[in-house]
Engineer: 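For reference, the structure I am asking about is given below.
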Number of protein chains: 2
Amino acid sequence: MNFQQLKYVRETVRRNLNLTEAANALFTSQPGVSKQIRELEQELGVEIFERRGRRFVALTEPGKAVVEIVGRLLEEADNLKRVGAEYADRDSGSLTIATTHTQARYALPPAVAEFRRRYPKVRLSIQQGKPQQIVDMLERGDADIGVATESLDHAPNLLALPAYDWWHTVVVPAGHPLEQELRLSLDDLAAWPIVTYSPEFTGRSHIDEAFAARGVSFEVVLTGIDSDVIKTYVELGLGVGIIAAMAFDPQRDTGLRAIDVRHLFRVNTTRVAIRRGALLRGFAYDFIELFAPRLTRKGIERAAAAERAADTFEI
Amino acid sequence: MNFQQLKYVRETVRRNLNLTEAANALFTSQPGVSKQIRELEQELGVEIFERRGRRFVALTEPGKAVVEIVGRLLEEADNLKRVGAEYADRDSGSLTIATTHTQARYALPPAVAEFRRRYPKVRLSIQQGKPQQIVDMLERGDADIGVATESLDHAPNLLALPAYDWWHTVVVPAGHPLEQELRLSLDDLAAWPIVTYSPEFTGRSHIDEAFAARGVSFEVVLTGIDSDVIKTYVELGLGVGIIAAMAFDPQRDTGLRAIDVRHLFRVNTTRVAIRRGALLRGFAYDFIELFAPRLTRKGIERAAAAERAADTFEI
DNA sequence: TATCCTTACGGAATTCGTAAGCATG
DNA sequence: CATGCTTACGAATTCCGTAAGGATA
């Protein structure tokens with residue numbers, strides 16, 4: 001058994017059981033992959049892949065168990081390499097953050113700026129994607145840190161920690177009738193066409209939820225994944241915008257007015273997520289703390305340890 | 001990086017950083033071990049071992065982290081092999097149980113008998129040792145299941161599950177004055193020389209505790225690790241015995257009388273322990289259930305999962 | 001001086017890529 | 001017949017044991 005074989009297995013699974021693709025992805029020859037996998041199966045005494053003729057069509061029952069363990073093995077191997085990197089040079093390496101547009105544009109910049117100043121030698125990469133893509137990237141080990149408001153706390157392999165809370169705000173063009181309302185109601189809002197985020201994004205679920213609970217139907221005339229797009233169309237008079245409060249900047253958005261609607265929609269919690277079992281570089285902890293000061297390294301490690309801390313179990 | 005290197009590192013640590021011993025233990029040459037470790041260090045970019053001249057004297061700081069991860073890696077590798085064995089043939093393999101004398105002699109036999117009947121192809125091995133040795137064997141992976149009353153629930157890497165409760169009983173030679181007492185007190189007992197277990201054994205701590213709480217001093221004239229030894233000397237009139245109730249058999253121990261003293265000493269809980277993170281063969285679960293019917297496979301897996309089940313953590 | 005790690009070197013085993021073979025859709 | 005896994009074989013690499021070297025207690 002060797003790590004090469006394990007990598008081949010993992011990649012083959014990731015590539016939908018296509019050996020040829022897996023071999024290409026790993027820059028090696030396809031027969032080599034074939035042979036190594038076969039040898040691993042022989043050593044373990046079970047078939048990992050179910051073959052029809054000469055094609056892989058599924059994972060066998062033991063294969064599923066094998067793949068799960070292989071994942072953990074390769075993860076620990078990564079951790080081992082990180083230990084090396086961490087002690088060899090604490091201030092260099094790479095850090096990949098997967099996040100949504102709103103976070104990248106409005107929440108992360110201060111932390112990123114300070115981080116770059118502190119760790120000029122770290123190659124920092126920000127990957128923008130939908131919440132589900134963020135989860136995938138974290139789970140595959142393609143990102144070290146995820147930042148988003150939706151989805152993160154439903155993935156069992158991730159540890160999602162609350163970073164900060166925020167509310168939605170309504171934005172309208174200057175001079176809009178709604179500006180006069182003292183305390184906006186959902187019915188007031190529903191009277192207008194709505195411009196807001198795509199369903200999978202940035203707290204959108206809380207918006208739908210509030211209208212649904214009130215039994216009010218509302219018309220979304222434009223959904224953007226992007227607060228800037230939404231603001232642009234609101235300014236053009238397309239409808240009333242509902243965006244994250246931090247995406248409104250009175251200095252810049254001079255043609256718009258924000259209306260406080262904290263009483264209408266549930267609070268949103270943006271979370272920082274990391275993969276359970278992954279070893280974080282020291283500077284990764286620092287980044288998280290820069291972004292969300294209450295998430296200290298100690299606190300995070302405590303939270304991560306909590307999953308292992310089950311004491312004697314009384315049935 | 002390969003598994004060979006990891007094994008060498010683990011064994012070197014286990015052998016108190018003595019490369020030569022490690023090489024012997026692994027039936028290989030010492031220069032080979034030296035080279036592989038050096039190469040691993042080079043690959044990781046850190047020294048794992050601190051050297052003084054040409055001798056290993058300690059683990060470096062990163063070395064400690066490395067050793068921890070290496071342990072997990074090799075454990076998962078073991079799990080992988082077990083998956084193979086489990087599916088290749090569910091009814092054969094080997095099962096090692098580490099336990100104390102009292103358990104081996106009085107508690108385990110029925111389960112062992114039934115297990116042998118059900119799984120004739122499994123090589124069953126019972127290893128007898130002190131509680132601390134049992135813990136060590138489990139942690140090293142030298143035993144699959146531990147059964148004991150003491151120590152097991154203090155080891156963080158073990159999952160200790162309650163199997164059954166039992167009480168101490170006093171044994172005296174037939175015709176002994178204490179036989180007449182209706183309800184024995186600690187003072188009654190302390191008037192006689194005591195014959196009981198060694199301090200680290202079979203609920204001995206509860207005995208000391210009870211006398212200490214009452215402020216009574218007592219004289220132990222003989223400590224045995226072994227209920228049979230204790231009974232033998234009680235029969236010879238050396239003193240009054242305190243043993244586990246299940247070790248007294250009225251049929252066989254005709255020269256002795258047992259006196260119920262449940263009111264004097266705390267109840268003892270015998271536990272079944274397994275290593276956290278270790279994969280158990282199907283028949284291992286069956287053995288546990290034969291021994292302690294309330295410990296079903298489902299329940300055990302639930303208990304094991306509890307340690308990973310930490311949900312989103314609110315600071 | 002005994003113990004113990006490192007270096008050097010040569011034979012053995014493993015790995016890996018190319019080329020050719022065969023089964024499925 | 002195009003795709004995709006397996007088998008065969010030879011070159012390159014890696015592994016591993018023996019022998020010798022150097023450093024510490």
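All values below were derived from every heavy atom in this structure, side-chain atoms included, with hydrogens, water molecules and symmetry-related copies excluded. By convention in this document, chain letters (A, B, ...) are assigned in the order of the sequence lines, proteins followed by strands, and residues within each chain are numbered from 1.
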Engineer: Could you tell me, to 10°, how much the axis swings from one end of the helix from C/dT1-D/dA25 to C/dG25-D/dC1 to the other, five pairs per end?
Structural biologist: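 So the angle between the two local helix axes works out to 40°.
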
Engineer: Out of curiosity, B/L280 CG to B/I288 CD1, how far, rounded to the nearest 0.5 Å?
Structural biologist: 5.5 Å

Engineer: In chain order, what residues pass the salt bridge (Lys or Arg N to Asp or Glu O under 4.0 Å) check against B/E289, with sequence neighbours excluded?
Structural biologist: none

Engineer: Could you go through nucleotides 21-25 of chain D and list every protein N or O atom that sits under 3.5 Å from one of its N or O atoms, giving the distance for each pair?
Structural biologist:
unit_1 : atom_1 : unit_2 : atom_2 : d
D/dG21 : N2     : B/R54  : NH1    : 2.4
D/dT24 : O2     : B/R55  : NH2    : 3.0

Engineer: Give a yes-or-no answer on whether the side chains of A/D286 and A/Y119 include a donor-acceptor pair shorter than 3.5 Å.
Structural biologist: yes

Engineer: Which one of B/R38, B/E41, B/Q36 satisfies the side-chain hydrogen bond (donor to acceptor under 3.5 Å, both in side chains) criterion with B/Q5?
Structural biologist: B/Q36

Engineer: Are A/V112 and A/L124 side-chain neighbours, meaning at least one heavy-atom pair lies under 4.5 Å?
Structural biologist: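 Yes, their side chains come closer than 4.5 Å.
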
Engineer: Any residue in residues 61-70 of chain A with a heavy atom nearer than 4.0 angstrom to DNA chain D? Just list them by number, or reply none.
Structural biologist: none

Engineer: Charged N to carboxylate O under 4.0 angstrom, A/R15 versus A/E11?
Structural biologist: yes

Engineer: Give the rounded distance in Å between these two atoms: CZ of A/R51 and C1' of D/dT3.
Structural biologist: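 About 17 Å, once rounded to whole Å.
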
Engineer: Is the shortest heavy-atom distance from the side chain of B/N157 to the side chain of B/V135 under 4.5 Å?
Structural biologist: no

Engineer: Please tell me if the side chains of B/V272 and B/I300 come closer than 4.5 Å, counting only heavy atoms from C-beta onward.
Structural biologist: no

Engineer: Does either side chain, that of B/E75 or that of B/N79, offer a donor lying less than 3.5 Å from an acceptor on the other one?
Structural biologist: no

Engineer: Any pair with a residue in residues 64-104 of chain B that passes ring-ring contact (aromatic ring centres under 6.0 Å, His included), sequence neighbours left out, goes on the list, sorted by first then second residue, please.
Structural biologist: none

Engineer: Need two values: the first and the last nucleotide of DNA chain C, 5' to 3', having an atom under 4.0 Å from any heavy-atom of chain B.
Structural biologist: C/dT3 to C/dT7

Engineer: Given side chains that start at C-beta, do those of A/T223 and A/R204 come closer than 4.5 Å, heavy atoms only?
Structural biologist: yes

Engineer: Among residues two or more places apart or on two chains, list those pairs meeting ring-ring contact (aromatic ring centres under 6.0 Å, His included) that have a residue in residues 5-42 of chain A.
Structural biologist: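 Passing the test, one end in residues 5-42 of chain A: no pairs.
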
Engineer: Okay, side chain of B/N16, backbone of B/N18: is any donor-acceptor separation there less than 3.5 Å?
Structural biologist: no

Engineer: B/L26 has an atom CG; how far is it from atom P of D/dG17, in whole Å?
Structural biologist: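 Going from B/L26 (CG) to D/dG17 (P), I get 11 Å.
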
Engineer: Examine the side chains of B/D89 and B/S92 and answer whether a donor and an acceptor come within less than 3.5 Å of each other.
Structural biologist: yes

Engineer: Do A/L73 and B/F3 have side chains that approach each other closer than 4.5 Å (heavy atoms only, starting at C-beta)?
Structural biologist: yes

Engineer: Using side-chain heavy atoms (C-beta onward) and a distance below 4.5 Å, is A/K130 in contact with A/F201?
Structural biologist: yes

Engineer: Residues from residues 1-12 of chain B sitting under 4.0 Å of DNA chain D, heavy atoms only?
Structural biologist: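 Per residue number, the list reads B/N2, B/Q4.
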
Engineer: Who passes ring-ring contact (aromatic ring centres under 6.0 Å, His included) against B/F56, sequence neighbours left out?
Structural biologist: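 For B/F56, the residues satisfying ring-ring contact (aromatic ring centres under 6.0 Å, His included) (neighbours in sequence not counted) are B/F49.
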
Engineer: For A/R82, which residues count as a salt bridge (Lys or Arg N to Asp or Glu O under 4.0 Å) partner, sequence neighbours excluded?
Structural biologist: none

Engineer: May I ask you to list the residues of residues 28-46 of chain A, by number, that have any heavy atom positioned under 4.0 Å from an atom of DNA chain D?
Structural biologist: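 Here the set is A/Q30, A/P31, A/S34, A/R38.
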
Engineer: Any sub-3.5 Å donor-acceptor pair from B/E43's side-chain atoms to B/M1's backbone N or O?
Structural biologist: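 Checked: pair present.
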
Engineer: Which residues within residues 17-25 of chain A lie with some heavy atom under 4.0 Å of an atom in DNA chain D?
Structural biologist: A/L17, A/N18, A/L19, A/T20

Engineer: Are B/L158 and B/R276 packed together at the side-chain level, in the sense that at least one heavy-atom pair is separated by less than 4.5 angstrom?
Structural biologist: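 B/L158 does not reach B/R276 side chain to side chain.
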
